[in-house]
There are 2 protein chains.
Amino acid sequence: MLRLTKRTEYGLIALVHMAELAAARPAEAEAEVISARAIGDIFPVPKRMLAEALKHLQQGGILESTRGVRGGYRLSRSADQISLGEIVSALEGPPTLTSCAGLGAASADGGCEVEPVCPIRSPLARLRTGIWTLFEGVTLQALADRSADPTGLFSATG
Amino acid sequence: MLRLTKRTEYGLIALVHMAELAAARPAEAEAEVISARAIGDIFPVPKRMLAEALKHLQQGGILESTRGVRGGYRLSRSADQISLGEIVSALEGPPTLTSCAGLGAASADGGCEVEPVCPIRSPLARLRTGIWTLFEGVTLQALADRSADPTGLFSATG
DNA sequence: TTTAATCGGCACTAGTTTAGTGCTCTTTTC
DNA sequence: GAAAAGAGCACTAAACTAGTGCCGATTAAA
């Protein structure tokens, strides 16, 4: 039912936490790394799943990782340069909405039977674009700013 | 990954088809019923699943049904009075986005461990509202109008 | 140089959801 | 009464999700 996965939830929790840490730091200070373990100690989430999410975020270019003792993760950019669309895309792939409405205009996994006569392909593709635009317009910064006016979240939408 | 179910796809196909039939009819004419079989003969979709979808739409108050020979379904209102939000809600329940972010502000299935310290509950609830607003703003009429300007779909968003 | 913390990759299990089908009952027209 | 159509219940198989286990690679520190 249009639901995000747990992995995405955990990833978002970690990212928002990192963004809050960044906001509390003086602007000139370099971001310090924080380990998956440290985040897992703060929030009662399955640590392995959290690590899984962080790994995906690193592969998606949203986090930078440092290995070894004292290693960990940090945001690869400032929080206002990271969009929710990017995050969700890294954690569970771009939203497809329907099996046939992939991002490329063409069909999907082996071809859809209905496609030649399908009356909803085009409208659903437009709808998918609308959702995507919504996600692209929300920054990690906006997510982390708890005092933000709700409508402010979607200011970049129209 | 933010995907609609097949049942929803089939339901949407049927609804868009009915809306197109309605558009081709003179305004004063009463809508004729069309059977699940007849729709299934037009579009190559599993007929039973289609029937399942139509049943849900009837229960959701979007379609009216007539039983018996010559029975079938028809739209309970004109296509511009039916929102995509209603349709999706009837076919697969309202979009929840996350397990904890139900429509009622309170928690969900048995209580979330993270909730007391969760940094994303509020922002995700706002995001869910945004998606929901998007869905509410798209009418069946707009979905059925294939020549519509893509941006026209989302005119009711901002 | 050894140890321990940390990320990185592969694989596995159990539970839930989704897709699709079968059967029977009720209603209604012919 | 026969046939067409919706309504309801239950079932199976496949796919996806959540979560865990294990081990290798890297690196700072003792």
Side-chain angles (χ1 to χ4, degrees), chain A residues 1-11 13-14 32-41 44-60 62-74 76 88 91-93 95-100 108-110 112-114, chain B residues 1-11 13-14 32-41 44-60 62-74 76 88 91-93 95-100 108-110 112-114:
Chain A
M1 328 99 161
L2 282 174
R3 186 181 284 195
L4 299 172
T5 64
K6 286 285 180 186
R7 192 168 72 196
T8 300
E9 281 185 50
Y10 301 150
I13 288 174
E32 291 172 13
V33 300
I34 181 169
S35 70
R37 163 185 284 262
I39 299 175
D41 285 340
V45 300
K47 292 188 172 39
R48 277 296 302 282
M49 290 289 290
L50 179 63
E52 198 76 15
L54 294 172
K55 188 169 60 176
H56 279 255
L57 289 169
Q58 185 271 327
Q59 289 166 339
I62 292 165
L63 293 179
E64 288 174 352
S65 65
T66 311
R67 295 170 72 161
V69 178
R70 299 284 197 90
Y73 295 95
R74 69 176 162 196
S76 66
V88 171
L91 286 167
E92 53 187 283
T96 52
L97 210 59
T98 53
S99 50
C100 65
D109 36 275
C112 168
E113 284 287 315
V114 188
Chain B
M1 327 99 161
L2 282 174
R3 185 180 285 195
L4 299 173
T5 64
K6 287 286 181 185
R7 191 167 72 196
T8 300
E9 280 185 50
Y10 301 151
I13 287 174
E32 292 173 12
V33 300
I34 182 170
S35 69
R37 163 186 284 261
I39 299 175
D41 283 341
V45 301
K47 291 188 172 40
R48 277 295 302 279
M49 289 289 290
L50 178 61
E52 197 76 15
L54 295 171
K55 189 169 59 178
H56 279 256
L57 289 169
Q58 186 271 326
Q59 290 167 338
I62 292 164
L63 293 179
E64 287 174 352
S65 66
T66 311
R67 293 169 72 159
V69 178
R70 298 284 198 92
Y73 296 95
R74 69 175 163 198
S76 67
V88 171
L91 286 167
E92 53 187 285
T96 52
L97 211 61
T98 54
S99 49
C100 64
D109 36 275
C112 168
E113 284 287 314
V114 188

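A note on names: the letters A, B, ... follow the listed sequences, proteins ahead of strands, and every chain is numbered from 1. Since we're looking at a predicted model, the values are computed, not measured.
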**Report entry** Value in whole Å for how far the P atom of C:dT6 lies from CD1 of A:Ile39
**Finding:** 12 Å

Query - Spacing of B:His56 atom NE2 relative to D:dG8 atom C1', expressed in whole Å - result: 11 Å

Report task. Would you please confirm or rule out a distance under 4.0 Å between OP1 or OP2 of D:dG6 and any side-chain N or O of B:Gln58? Result -> no

Query raised in the report: CG/A:Leu50 to CZ/A:Arg7 distance, rounded to the nearest 0.5 angstrom?
Result: 12.0 Å

Requested in this report: For B:Lys6 and D:dA14, give me the distance from atom NZ to atom P, rounded to whole Å.
Outcome: 17 Å

Query raised in the report: Out of curiosity, B:Arg3 CZ to A:Leu2 CG, how far, rounded to the nearest 0.5 Å?
Result: 11.5 Å

**Report entry** Partners meeting side-chain hydrogen bond (donor to acceptor under 3.5 Å, both in side chains) with A:Lys55 (sequence neighbours left out)
**Finding:** none

**Report entry** Set of residues satisfying side-chain hydrogen bond (donor to acceptor under 3.5 Å, both in side chains) with respect to B:Ser35, sequence neighbours excluded
**Finding:** none

Requested in this report: Measure from the side-chain heavy atoms of B:Pro46 and tell me the nearest of C:dT21, D:dT20, C:dG8.
Outcome: C:dT21

Query - Of the listed nucleotides C:dA19, D:dG8, D:dG6, the one nearest the side chain of B:Gln59 - result: D:dG8

Query raised in the report: Separation of A:Met49 atom CE from D:dT20 atom P, in whole Å?
Result: 9 Å

Query raised in the report: How many angstroms lie between atom CG of B:Leu63 and atom NE2 of B:His56, to the nearest 0.5 angstrom?
Result: 12.5 Å

**Report entry** By side-chain contact (heavy atoms from CB on, under 4.5 Å) - contacts of A:Glu64 (at least two apart)
**Finding:** A:Arg74, A:Ser76

Query raised in the report: Is A:Lys55 side chain donor-acceptor paired with the C:dG9 base, going by distance under 3.5 Å alone?
Result: yes

Query raised in the report: Near DNA chain D, under 4.0 Å by heavy atom, which residues of residues 64-74 of chain B?
Result: B:Ser65, B:Thr66, B:Arg67, B:Gly68, B:Val69, B:Gly71, B:Gly72, B:Tyr73

Requested in this report: Using the test side-chain hydrogen bond (donor to acceptor under 3.5 Å, both in side chains), find all partners of B:Thr8 that sit at least two apart in sequence or belong to another chain.
Outcome: B:Thr5, B:Glu92

Query raised in the report: Can you check the B:Leu50 CG to D:dA7 C1' distance for me, whole Å?
Result: 15 Å

Report summary line: Separation of D:dC16 atom P from A:Leu4 atom CG, nearest Å, is 17 Å

Query raised in the report: Can you check the B:Arg7 CZ to C:dT17 P distance for me, whole Å?
Result: 13 Å

**Report entry** Gap separating the CD atom of A:Glu9 from the CG atom of B:Leu97, nearest 0.5 angstrom
**Finding:** 8.5 Å

Query raised in the report: Would one find more than 12 heavy atoms of other residues, nucleotides or ligands at under 6.0 Å from atom CD of B:Gln59?
Result: yes

Query raised in the report: For A:Ala51, which contact category applies under a 4.0 Å heavy-atom criterion: base, sugar-phosphate, or nothing?
Result: nothing

Report task. For D:dA5, take OP1 and OP2 only and decide whether either is under 4.0 Å from a side-chain N or O of B:Arg37. Result -> yes

Every protein N/O lying under 3.5 Å from an N/O of nucleotides 11-13 of chain C:
none

Requested in this report: Establish, with yes or no, whether the OP1 or OP2 oxygen of C:dA19 is under 4.0 angstrom from a side-chain nitrogen or oxygen of B:Tyr10.
Outcome: no

Query raised in the report: Rounding to a whole Å, what distance do you find between B:Lys47:NZ and C:dA19:P?
Result: 18 Å

Requested in this report: Give the C-alpha distance, both sets of side-chain angles, the deciding distance and a yes or no for side-chain contact (heavy atoms from CB on, under 4.5 Å) between B:Lys47 and B:Asp41.
Outcome: CA-CA 8 Å; B:Lys47 291 188 172 40; B:Asp41 283 341; 3.4 Å; yes

